[in-house]
Amino acid sequence: MAKKRDYYEILGVEVTADDGQIKTSYRRLALQFHPDRNAGDDAAAHKFKEATEAYEVLADKDKRSLYDRGGHSAVDGSRGGGGGQSVDLGDLLGGLFGGLFNEGGGRRKAGPQPGRDVQIIIDIELVDAARGIKKSITIQREDHCEKCNGTGAKPGTKPTNCKRCGGQGVVIQQQMFMRVQTPCRACNGQGVIVTDPCTQCRGNGKTVGKRTLEVEIPPGVDTGDRIRYQGQGDAGDSGAPRGDLEFAIRVREHKFFERDGTNLICQWPITFAQAALGGPIEIRTLIGEKIKYDLPRGVQSHDVVKLSGHGMPGRRGARRGDLMVQVVVDTPQRLSPDQERLYRELAELDKIDVGPPPKKSIFSKLKDLFVPDETPAKPESDPK
Ligand SMILES: [Zn+2]
Ligand SMILES: [Zn+2]
């Protein structure tokens with residue numbers, strides 16, 4: 001089977017895209033590849049199915065969060081039947097196939113447009129999510145062109161009024177029984193047209209600039225959390241506000257600690273002797289604290305020990321989670337002669353047949369030959 005494409009890639013949106021952007025993008029694809037418009041076109045049918053599947057997941061807050069963490073395999077089980085379509089297309093595409101009232105539509109309003117939101121992903125380690133961290137992030141964003149003050153017109157010249165809309169930025173069209181107001185396409189809704197463009201920004205009114213800022217990531221953040229700075233995104237048209245700046249957090253997986261909400265889970269190796277006899281152990285937490293714990297006698301492998309308050313911090317002062325330590329009895333794979341003897345004695349006590357001791361390798365036989373043991377081996381009863 002071919003590798004499944006990334007859902008964000010299928011919809012052509014950023015990982016940080018909001019619900020509105022995901023919906024808009026899916027709508028565009030659904031319209032383009034809808035079977036009603038592409039009868040008999042298998043490639044289009046496939047694209048339609050693919051986009052619908054991606055939308056099903058990304059439009060659902062819970063499924064999207066699962067997908068962000070675990071990819072396709074994390075959400076495959078949650079989609080009923082695999083191919084079932086649960087998206088209400090009528091609701092989503094309502095009116096668009098009729099087309100009449102949405103012709104030339106879109107949500108674009110007349111007049112100066114506000115700046116776009118700038119969205120950036122910040123990858124952090126789990127330990128940084130536990131402690132909180134300040135990150136110095138350099139972003140690129142659009143600023144007003146300094147040379148023309150954002151007008152786009154060469155200094156000393158002025159944009160001229162749009163002739164098509166008379167400087168209104170909108171045109172009124174009579175459609176059937178209705179008068180429909182749409183943004184003027186000649187001037188892009190601006191009302192003015194730059195005839196002599198600024199050389200610095202080529203009439204755009206904006207230039208891309210770099211800016212470095214300190215982002216304070218609070219303790220307890222998780223993948224999918226967002227930090228938003230209002231009015232710090234791309235510059236808008238002259239007279240319109242800047243967009244927002246939004247950081248989306250992605251927490252990397254840890255080799256040893258697994259996160260479950262505010263709880264942390266880890267495995268801790270113990271020996272047979274510790275399992276049987278108990279005794280103090282020292283467990284290291286994610287942030288490096290050493291916690292002493294008295295292991296009870298007779299603990300079973302995979303028993304879980306709870307260390308209260310040593311998990312992830314809660315958000316906004318909420319209670320800290322717990323560290324769930326699963327003790328795992330670590331079976332030794334190489335035994336010293338003394339260990340071999342003691343384990344065999346234990347087996348004898350329990351009246352368990354553990355078979356004959358392992359045969360010596362050629363290498364150790366050679367060693368025996370050149371460095372003779374003071375107490376020669378008696379393999380039948382005593383392996384020493
Ligand atoms: Zn300029
Ligand atoms: Zn116009």
Side-chain angles (χ1 to χ4, degrees), residues 12 14 16-17 20-21 23-25 27-28 31-32 94-120 136-215 228-247:
E14 295 288 316
T16 50
Q21 290 168 320
K23 196 166 174 171
T24 308
S25 183
R27 224 149 77 151
R28 183 175 49 78
L31 280 171
Q32 189 181 346
L96 281 182
F97 279 109
L100 185 62
F101 300 110
N102 288 291
E103 217 48 62
R107 274 179 243 142
R108 209 179 143 87
K109 287 193 217 96
Q113 300 296 311
R116 280 183 299 263
D117 291 347
V118 172
Q119 293 170 318
I120 288 161
S136 182
I137 308 267
T138 301
I139 59 160
Q140 286 199 331
R141 64 172 192 184
E142 284 184 338
D143 293 316
H144 282 140
C145 172
E146 281 174 10
K147 199 165 181 188
C148 63
N149 244 328
T151 60
K154 201 175 193 168
T157 69
K158 267 187 176 173
T160 49
N161 262 14
C162 173
K163 289 195 185 81
R164 185 158 180 251
C165 60
Q168 296 300 304
V170 291
V171 286
I172 309 227
Q173 285 172 327
Q174 186 78 32
Q175 286 185 340
M176 306 282 281
F177 313 105
M178 289 176 72
R179 281 157 62 83
V180 181
Q181 188 175 301
T182 57
C184 171
R185 284 181 198 182
C187 64
N188 235 338
Q190 304 272 354
V192 288
I193 288 174
V194 174
T195 41
D196 205 356
C198 162
T199 50
Q200 177 97 13
C201 62
R202 294 202 199 104
N204 186 19
K206 290 164 201 162
T207 50
V208 175
K210 278 188 182 169
R211 189 162 173 255
T212 301
L213 48 135
E214 289 269 293
V215 184
R228 204 173 175 91
Y229 294 86
Q230 239 170 12
Q232 300 282 329
D234 281 344
D237 291 339
S238 201
R242 274 188 179 272
D244 294 339
L245 171 60
E246 191 179 57
F247 294 103

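Whatever order the structure lists ligands and atoms in, that order sets their numbers, starting from 1.
- Surrounding CD of E14 are at most 12 heavy atoms belonging to other residues, nucleotides or ligands under 6.0 Å away.
- Ionic pairing of K206 and D237 is present here: one or more N-O contacts between side-chain nitrogen and carboxylate oxygen are shorter than 4.0 angstrom.
- Counting all heavy atoms, side chain and backbone alike, C201 lies closest to T207 at CB-CG2, 4.1 Å.
- The shortest non-hydrogen separation linking Q232 to R141 is O-NH1, 2.8 Å.
- A salt bridge does not link K210 to D143: none of the charged side-chain nitrogens sits closer than 4.0 Å to a carboxylate oxygen.
- At a cut-off of 2.8 Å, measuring from the Zn ion (ligand 2), the protein N, O or S atoms that fall short of it are C162 SG, C165 SG, C184 SG, C187 SG, waters left aside.
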Subject >> Worked check of side chain to side chain contact (heavy atoms under 4.5 Å, CB included) between S136 and T212 >> reply: CA-CA 7 Å; S136 182; T212 301; 3.3 Å; yes
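- The residue from I193, V171, V170 that alone fulfils the side chain to side chain contact (heavy atoms under 4.5 Å, CB included) condition with C184 is V171.
- Counting heavy atoms from C-beta on, the side chains of Q200 and E146 never come closer than 4.5 Å.
- The Zn ion (ligand 1) has C145 SG, C148 SG, C198 SG, C201 SG as protein N, O or S atoms under 2.8 Å away.
- One distance of note links SG of C145 with CZ of R202; it measures 11.5 Å at 0.5 Å rounding.
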